[in-house]
Amino acid sequence: MSATEVQLTLAQADVGMQLARALINANGQVLMVQGTVLTKTILSTLHKRDVTELWVTHPAPDGIDPDAHDAKEIRQHHKERLQRLFRKTTSTEENHFFQQLMHRYRKVDAS
Amino acid sequence: MNTITQDDVLKRIHNLPSLPTVVMELLASMAQEDVNIDALALKIEHDQALTAKTLRLANSSFYGMAKQVTTIHEAIAILGFRTIRSLATTAALIGTFAGHPQSSFNIAPFWRHAIAAGVCARELATHLGIHPEQAYIAGLLHDLGRLVLVTQFLPQYQVTMAYRSQHDARLLDVEHELLGIDHAAVGLALTRHWKFPVTVQQAISNHHATDCAGLAPLDLLVIGANIIVHALDLSEDPDDLVPPVPTGLWQQLGLNDTQLLAVFDRTENQFESASLVITT
């Protein structure tokens with residue numbers, strides 16, 4: 001095992017962690033490529049596909065600690081990214097609607 | 001710095017390798033009513049590299065097939081001709097630009113963004129009555145002009161990218177200021193040269209339009225897909241910026257909050273599997 005990889009059960013995996021190795025099923029199909037950042041949707045898909053274990057990087061990218069299961073930290077990460085992505089956005093009606101909607105999608109407040 | 005004229009672009013486009021004949025035929029077939037699927041399938045199979053890549057994509061988890069397919073005919077029988085046409089076109093286009101020296105230009109975020117836009121455009125298409133495959137191709141190719149600039153005008157484009165980074169400016173604005181041309185116009189020139197369907201050419205040309213008046217549904221869809229995937233952060237470019245939303249876009253797309261949120265979710269959900277094309 002590389003010093004930057006850690007093997008987890010699927011139950012231990014959390015949003016924001018990054019795959020250190022590709023996920024391959026019994027038929028040899030690549031389910032997820034190396035480097036994939038786990039999202040809630042991806043984790044749900046992996047449960048459906050009966051994935052039991054996976055390798056993630058340690059520590060996770062962008063300052064997310066894979067041991068931190070605190071959703072607040074994830075939301076803060078999303079909030080900061082949205083602030084950066086929308087940093088040049090002007091206050092038109094269309095821009096405002098979209099920015100608000102994206103914050104709603106990420107479950108973070110837009111303040 | 002010397003600006004780039006339309007004539008310069010047209011001359012350099014001829015330096016690019018031609019798309020495989022079969023891909024030109026696949027693209028042309030998008031605008032045709034009667035398509036000889038068997039003949040096109042045979043032509044794909046004659047290109048071994050293209051066949052291998054297409055089958056690898058068809059066998060990826062994205063399509064969730066119970067068993068592996070080993071021939072193009074079998075893949076068409078299970079996934080349909082239109083899906084295989086999209087896969088073969090995607091594989092061929094990525095291959096066309098794979099061998100060019102891109103210097104400091106990081107190609108992976110480019111293709112991640114392109115594939116995300118294709119996936120999102122396909123999602124939006126299902127709401128808007130546009131053929132999903134055409135939407136996917138238009139979304140996938142909307143920034144193709146950037147690849148022409150980076151491969152054919154590398155010194156000027158490196159200065160452009162450095163300026164953009166230094167001033168935290170929008171790429172389109174910097175292209176106008178320093179190059180005198182933008183990647184949407186260059187993309188239009190390339191797709192005309194490659195004889196892409198006119199609707200796709202227009203969508204590429206208009207993807208940074210500031211007003212939706214007079215735009216075709218496919219144009220609106222690609223504009224929306226581009227903005228959404230920038231905001232979803234799927235390219236993983238730390239300096240990315242969400243483009244401005246043109247006047248009237250959401251109204252003209254006619255999607256409510258709930259539908260848009262569902263599009264965001266499905267785009268993210270499908271993206272990782274779809275992006276296997278970058279690494280396979």
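Letters A, B, ... are given to chains in the order of the sequence lines, protein chains preceding strands, and every chain is numbered from 1. We use all heavy atoms of the structure for the numbers below, so side chains are in, but hydrogens, waters and symmetry mates are not.
- Gln251(B) CD: 12 or fewer foreign heavy atoms inside a 6.0 Å radius.
- For the set His78(A), Glu93(A), Arg104(A), Arg81(A), the entry with the most heavy-atom pairs within less than 4.5 Å of chain B is Arg81(A).
- Note that CZ of Phe271(B) is 11.5 Å distant from OG1 of Thr39(A), once rounded to the nearest 0.5 Å.
- In this structure the side chain of Arg106(A) reaches within 4.5 angstrom of the side chain of Leu232(B), judged on heavy atoms.
- Annotation: side chain of Leu260(B) is in contact with side chain of Phe97(A) (closest heavy-atom distance under 4.5 Å).
- Across Arg87(A), Arg84(A), Gln99(A), Gln34(A), the residue that shares the most heavy-atom pairs under 4.5 angstrom with chain B is Arg87(A).
- Between the side chain of Glu94(A) and the backbone N or O of Leu249(B), no donor-acceptor pair lies under 3.5 Å.
- Residues Tyr105(A) and Asp265(B) have side chains in contact (heavy-atom distance under 4.5 Å, counting atoms from C-beta outward).
- In this structure, the portions of Thr89(A) lying under 4.5 Å from any heavy atom of chain B include both its backbone and its side chain.
- Within residues 233-247 of chain B, the residues approaching chain A closer than 4.5 Å by heavy atoms are, in numerical order, Asp233(B), Glu236(B), Asp237(B), Pro238(B), Asp239(B), Asp240(B), Leu241(B), Val242(B), Pro244(B), Val245(B), Pro246(B), Thr247(B).
- By the neighbour-count criterion of 12 heavy atoms within 6.0 Å, atom NE2 of His176(B) is densely surrounded, having more than that number from other residues, nucleotides or ligands.
- Using a 4.5 Å cut-off on side-chain heavy atoms (C-beta onward), Leu101(A) and Phe264(B) make contact.
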